[in-house]
Each structure stands twice: as structure tokens, then as C-alpha cells.
Amino acid sequence: MPADLRDARRWYAEMVLARRFEEEAERAFRRGKIGGYLHLYSGQEAVAAGWLAELRDDDIFFTAYRDHAHALFRGTPPGAVMAELFGKATGVAKGKGGSMHLFDVPRGFYGGYGIVGGHIPLATGAAYALRYLGTDRICLCFLGDGAMNSGSFHEPVNMAGLWGRDGLCPVVYIVENNQYGMGTSVARASAVPDLASRFAAYAIEHERADGMDFLAVRRLARRVIARVRSTGRPYAVEMLTYRFAGHGAADLFQPYRTKEEVTKARAHDPITLLERRLREAGVLDEAEVVRIHEEAAAAVAEAVRFAEESPEPDRDELWTDVYG
Amino acid sequence: MAELTYRDALRTTLIEEMDRDPTVVLLGEDIGLYQGTFRVTADLLERYGPRRVIDTPISELGFVGAAIGMAMLGLRPVVEVMTWNFSLLALDQIVNNAAKLRYFSGGQVEAPLVIRGPNGAGVQLSAQHSQSLEALYAHIPGLYVVAPATPAEAKGLLRTAIRGRNPVIFLENAALYGMKGEVPDGEFALPFGRAEVVRRGRDVTVAAYSRMLHVALAAADRLQGEGIQAEVINLRTLRPLDVDTVAESVGRTHRAVVVQEQWRLFGAAAEIAASIYEQAFDQLDAPVERVTGADVPMPYARNLELLAVPHEEDIVRAVKKTLYKA
């Protein structure tokens, strides 16, 4: 079996699980079980899966508010993620963070963040700290295309370019270009829509790649991660992907894009693509696909049950975790 | 006990903490090669090297945010903002990240960093360089807000700030950097949330902090000459705020004047006055008086600038008002 495919079946299952998780989360949102905002990752799974598949256990990562799949791919139990969305005491952040602020520090997940671009400085400083402390750990910083027009992108990325000269900033900026910052397309938001090229302004090596093909993402991730780990220099990749769902669960009508566009994009589903690749390679068959889907459905149903039955946070929790 | 300037008390503390703990790093604009705008970090680049004394580009949002990220991973950054006016560029990072990380992560991460620099009115620096912004930060749960008035406090509070587990807004005052005072040697530290009764007096309580403490003390001297004994309290920290010490004092004096350099509306003095009413209403023989800066952007013209900040005669007048002698 080719090395690429060695555990790709597992990652196929992970992506199916994430997709099913998002579908159930949306249903729970419609039932009023999940409040606030709910940003679904459906369509972009190959990006986070491909990168996190190659991340070492002691490495760390940051992302924005579309963060459920990142947690699941890193091994956070689906029940703990769903319980967080339900605002329950058993959630990853005791119900205090919600959908946009998932954290799983023991697994190196340093958070989902709700302000567009606001986590980019954090990831940059975190990468500096990893090198300062004498480790060869690295930091992934997932960000959206929309974040690249904010000052909180340009300022830390410039510093990363500077710190990288001394091998002091082992961070990978992974731009998940899903084509839209909320309802504004890249073409309408970025004067230079070739987002990868914008890293040239900060002397950061960069490339643009397909973000729908898990196997290709993973190969790229392996190469880039090894490079960043050895050089301590930042690297940037623009992953071309697509957001199947609206910006948030409340974005029902999506007036900024056509049904045809979405339908066309859905024909290039990263999960279907991986399934086809694995079938063609003879490492996955129909029976196994059915089994994987059934197991994902069961796992997500269990996560929902766990979240439903979990207690709300204790009233005293209102006042904890403000100061240490 | 050595006599040090406020500036050197800060610098000495940075050196002591950096010698003790290799995770303490400094970041800021021109803190290294340039030696720091107010020379608090003079010679530290030479002493500790560029990995620990990091000259940053002019990008407050970026380097304050990066410092928060460093703190999340186990470093103890001390960030210098060239003046607190510029901290507004980093407000999102301070308010939306540093202050809340512990809470919305359910206690999984913390950001123990210190952000320090000069606050308050300068010498004809006009509207963008002369603001007192403490109320802005003191409003935010998750932050500590500290405003040392003397060299000893500068040392004692900075040590506590660096060794703590929370983000600390450390407000210095440009007019105080050259002030000299006795500073205890070695491990001296001052707790947050403990105000100090600096001067005893039976007639009125005057509560102040940072540079206004010295204005209040000068006013107390003048009042003494007129037979009025003012008790002067130095608040030291605004969050946590030691209301008890102020209320106890009011229990003895039955009158209160609160002094702040910043704008009047929604300022620290309003909070302190409200707290006095809540805790010591029955003890009051007169309404609490507030002495504050004028509610205007700071003007450039010298005469107007002087009108915009509180002076000892303003405090004297307020005290007399509480005594119904005005």
C-alpha cells in the first residue's frame, strides 16, 4: 500500500464524522439547542484534516471561529465539542466559550477566536515562544481569506518575517480561502486576489494549493511542516477551498452567491473525492463506506445525547476563570 | 534602602526579574538600540540580547498580540507601549484576547503579561499624546490596572505584576519618571488591591493615585496651614480597587474628595464616589466631591493645558466645599 494511503481510510472516516457533526449541529441549532452563532466547516474538511494529520502531538495550532472540525480532527471527543455548543458544563470550555471559542490545550489546540484576524498575532507570538524555549515544536495558524485584509494580519506577519530571519518563528499561516469573508467575495475584498502572493511583502515563503484533495494537502503539509520545523522560519499556504454552508447558520438566503455556484462547488466535495481515490486504489470498498457512515452517525448521535443530557454549568461558574 | 528615581526603580525591577526568570522577555518600540523613549529599558539590550529585549516595528496591535501569544505558551512578556495613547491601536488584543482568554477557554489558558508605559498629560503634547486612559481598562474584567505613584510603588507593584498570572495594565506617568524616593532593596513587592493611607487627618478623606497623589499631598499641606487636616489615601491599583480602606477612612472623617487626572464622565472617581455612597453613606456629612480633568481633548496652548488638569487649589476648593467653607 502506498505510504499516502496508509491511514487515509482513518482520515476519510474523520472527515465523514466532521461532516455529520456539522449537519447535526445545524439541526440542533434549528431546534434551539445551540444559541448564538454557528459557523459550519462543511466543504473545507480536507484542509484541516490534511494539515492536522501531519502535525506532531506536541505541536500547537490556532484557528478562527469555524473551528469544530479542527477540534475533532485533533482528537477532542465529539461529545465534549457538542456539549460546548449546547452550553453545557461538560463542554471543552465548561460551556463558557461556545462554538467560536473551542479550546483543547492538552491536544495543542490554543483556541478558536471570534474576531476576524484577531488570533494571528497570538499564533505568531506563540511560535516565537516555542523557539525561545528551545523546542522544535511548531505552530499552525489557520485563518480565512477575509482575515488577510485586516491590520491584525499585516502587523504580526511582518514581525514573523523579521523573526524568521533568526529562525525564531516556526509558524505556518494556512489561509483557508473559501472564497468569501462572510458575504463578501475575495474579488470584492482583496485588491490582490492572489492571496498567497501577498506574503511576498513580508519575505515569507508561500504557495497556493488545492485545498479539496486531502491526499495532496497532506503531502504539502508534510513537506512544509518539516521545513518550518528545521528552519524556524514562517511559511504560508493559500488553500483553495469552498464553504458549502452559509457564513453562519443564520445565513439562510445567501444573497451574495448563486445556487448554481454552490451546486457546482458541491460536485467537488472533498469527502467524495477522497472516497473515490481510496476506492480506485482498492483500499476502500462499498461495505466499508457504509460502515464508516453508520459509525459516524452513531458517534454524532451519541455526542448529541451526551450534550442533551449533560448538566448546565453550575451557577458559581459565572465567577470562575476571570483571574488566576 | 536606596534612593532611586521612578525610572530606575522600574529598570532595577526589570533587571532583577530578568536575572531571576529567563522566561521574562521585553517587547516594544525602540526599547533596545534606542534605549527606550523614557530610558526605562536603557542598556537592557546589551545585557540580555535581542531574543529577550525585542525591538518591534511600530505596530501595537501586532506586538501586543504577539506578547499575549507568548504568554499563553509560558513566557512572561513585559510590553512597553511608548505611551498609553498608542495602546488604543492594540485595544482589540488587550480587551478581546488578553482579558478573556482564561474565561472563554474555561480556565485552560492564561496570559500573564504586563503592558507598561506612560499615561497622562505631558508637556504640551496636545490631544493624541496626553490622555489618561485608566478607566477604559479598569472597566474590563480579566485585567488588573495598576498606577504607581512613587519609586517604591513602581518597584513593588511591577514585581507583583511580572510574577502574577494575569494581564496587568501598568500605568506609569511621564511626569514621575525623574522623581526620587526611597526604594526597598531586593525582593520587595506590593500586593494589588491594597490602598495606603499616606497621611492621617481627621477632617476629610482625599483619595488619589499616580501623579495626582502628589497634587493631593500638596493640597493637604496647604490645608494644614488653614487648620484643616486631610487624610490622603493612595489607591495604587484601580482594579482591584480597595474600597474598604477608603470607606473606613470616610468613617473617621465623614467627608470625601476623589481626585483623578482623567476626564470626569465615567471616570475612576465616579466609581469610587459611588462605592463610598454604597459602603459609607450613613457616615457622610457632605456629598462626595470629584476633582477631575476637564472633559475636553487636551489643548496644546500652555495656558489651556494647565486649565485642563487638576491642581492643588482645585483640591483645596473641593475639600472646603465638603466642609461647607467654600
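Values in this document were obtained by computation on a predicted structure and should not be read as measured data. Here is how names work: the chains are called A, B, and so on, in the same order as the sequence lines, proteins then strands, and each is numbered from 1.
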Asks: Which atoms of A/Leu102 are under 4.5 Å from chain B, going by heavy atoms: the side chain, the backbone, both sets, or neither?
Replies: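 Contact with chain B is absent: no heavy atom of A/Leu102 under 4.5 Å.
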Asks: Hey, which of B/Glu60, B/Glu110, B/Met72 has the most heavy atom pairs under 4.5 Å with chain A?
Replies: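 Ranked by heavy-atom pairs under 4.5 Å with chain A, first place is B/Met72.
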Asks: Counting only non-hydrogen atoms closer than 4.5 Å, does A/Leu162 touch chain B with its backbone (N, CA, C, O), its side chain (CB onward), both, or neither?
Replies: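 Side chain of A/Leu162 only, per the 4.5 Å heavy-atom cut-off to chain B.
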Asks: Tell me, with the steps shown, if A/Arg56 and A/Asp136 meet salt bridge (charged side-chain N to carboxylate O under 4.0 Å, His left out).
Replies: CA-CA 10 Å; A/Arg56 215 165 68 186; A/Asp136 70 341; 2.6 Å; yes
Asks: Are any of the side-chain nitrogens in B/Arg163 or B/Glu187 under 4.0 Å away from the carboxylate oxygens of its partner?
Replies: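 Yes, B/Arg163 and B/Glu187 are salt-bridged.
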Asks: For the pair A/Asn149 (side chain) and A/Ala189 (backbone), establish whether a donor and an acceptor sit closer than 3.5 Å, ignoring hydrogens and angles.
Replies: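 Side chain of A/Asn149 to backbone of A/Ala189: a pair is present.
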Asks: Hey, is the main chain of B/Asp242 close enough, under 3.5 Å, to the side chain of B/Thr245 for a donor-acceptor pair?
Replies: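 It does not hold such a pair.
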Asks: Could you tell me whether A/Lys88 and A/Glu312 have a side-chain N and a carboxylate O separated by less than 4.0 Å?
Replies: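 Looking at A/Lys88 and A/Glu312, the cut-off is not met.
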Asks: Please check if atom CD in A/Glu308 has more than 12 non-hydrogen atoms from other residues, nucleotides or ligands closer than 6.0 Å.
Replies: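 Yes - once you tally the heavy atoms of other residues, nucleotides and ligands closer than 6.0 Å, there are more than 12.
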Asks: Does A/Tyr132 have any side chain to side chain donor-acceptor pair (under 3.5 Å) partners at least two apart in sequence or in another chain, and if so, which?
Replies: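 Testing A/Tyr132 for side chain to side chain donor-acceptor pair (under 3.5 Å), a comparison that skips the adjacent residues, returns B/Arg52.
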Asks: Can you tell me which portion of B/Leu75 sits under 4.5 Å from chain A's heavy atoms? Options are side chain, backbone, both or neither.
Replies: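 The answer is the side chain of B/Leu75.
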Asks: Just so I understand: if I count every heavy-atom pair under 4.5 Å between each of A/Gly118, A/Gly125, A/Gly111 and chain B, which residue has the most?
Replies: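 Of A/Gly118, A/Gly125, A/Gly111, A/Gly125 has the most heavy-atom pairs under 4.5 Å with chain B.
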Asks: Pick one of side chain, backbone, both or neither for B/Gln108, based on which atoms fall under 4.5 Å of a heavy atom in chain A.
Replies: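 For B/Gln108, heavy atoms of backbone and side chain both lie under 4.5 Å from chain A.
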Asks: Does A/Phe306, at its CZ atom, have more than 12 non-hydrogen atoms belonging to other residues, nucleotides or ligands within less than 6.0 Å?
Replies: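 More than 12 within 6.0 Å, yes.
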Asks: Does anything in residues 313-324 of chain A reach chain B? List residues with heavy atoms under 4.5 Å apart, or say none.
Replies: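 A/Glu317, A/Leu318, A/Thr320, A/Asp321, A/Val322, A/Tyr323, A/Gly324, listed by number.
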Asks: Using a strict threshold of under 4.0 Å (side-chain N to carboxylate O), is an ion pair present between A/Glu84 and A/Lys96?
Replies: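 No.
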Asks: Mind checking side chain to side chain donor-acceptor pair (under 3.5 Å) for B/Asp19 and listing every partner two or more places apart, or none if nothing turns up?
Replies: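 By the side chain to side chain donor-acceptor pair (under 3.5 Å) rule, B/Asp19 matches B/Tyr48.
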Asks: Between A/Glu238 and A/Arg198, does at least one N-O distance fall below 4.0 Å, as a salt bridge requires?
Replies: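 So A/Glu238 does not pair with A/Arg198 through a salt bridge.
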Asks: Between B/Arg76 and B/Glu17, does at least one N-O distance fall below 4.0 Å, as a salt bridge requires?
Replies: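 Salt bridge between B/Arg76 and B/Glu17, a charged N being under 4.0 Å from a carboxylate O: no.
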Asks: Scan B/Thr83, B/Leu133, B/Val81, B/Asn85 and name whichever one has a side-chain contact (heavy atoms from CB on, under 4.5 Å) with B/Asn119.
Replies: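 By the side-chain contact (heavy atoms from CB on, under 4.5 Å) criterion, B/Asn119 pairs with just one of B/Thr83, B/Leu133, B/Val81, B/Asn85: B/Leu133.
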Asks: Which residues in residues 68-78 of chain A have any heavy atom closer than 4.5 Å to a heavy atom of chain B?
Replies: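 Near chain B, by residue number: none.
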Asks: Give, as side chain, backbone, both or neither, the part of B/Pro77 having an atom under 4.5 angstrom from any heavy atom of chain A.
Replies: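 The answer is neither part of B/Pro77.
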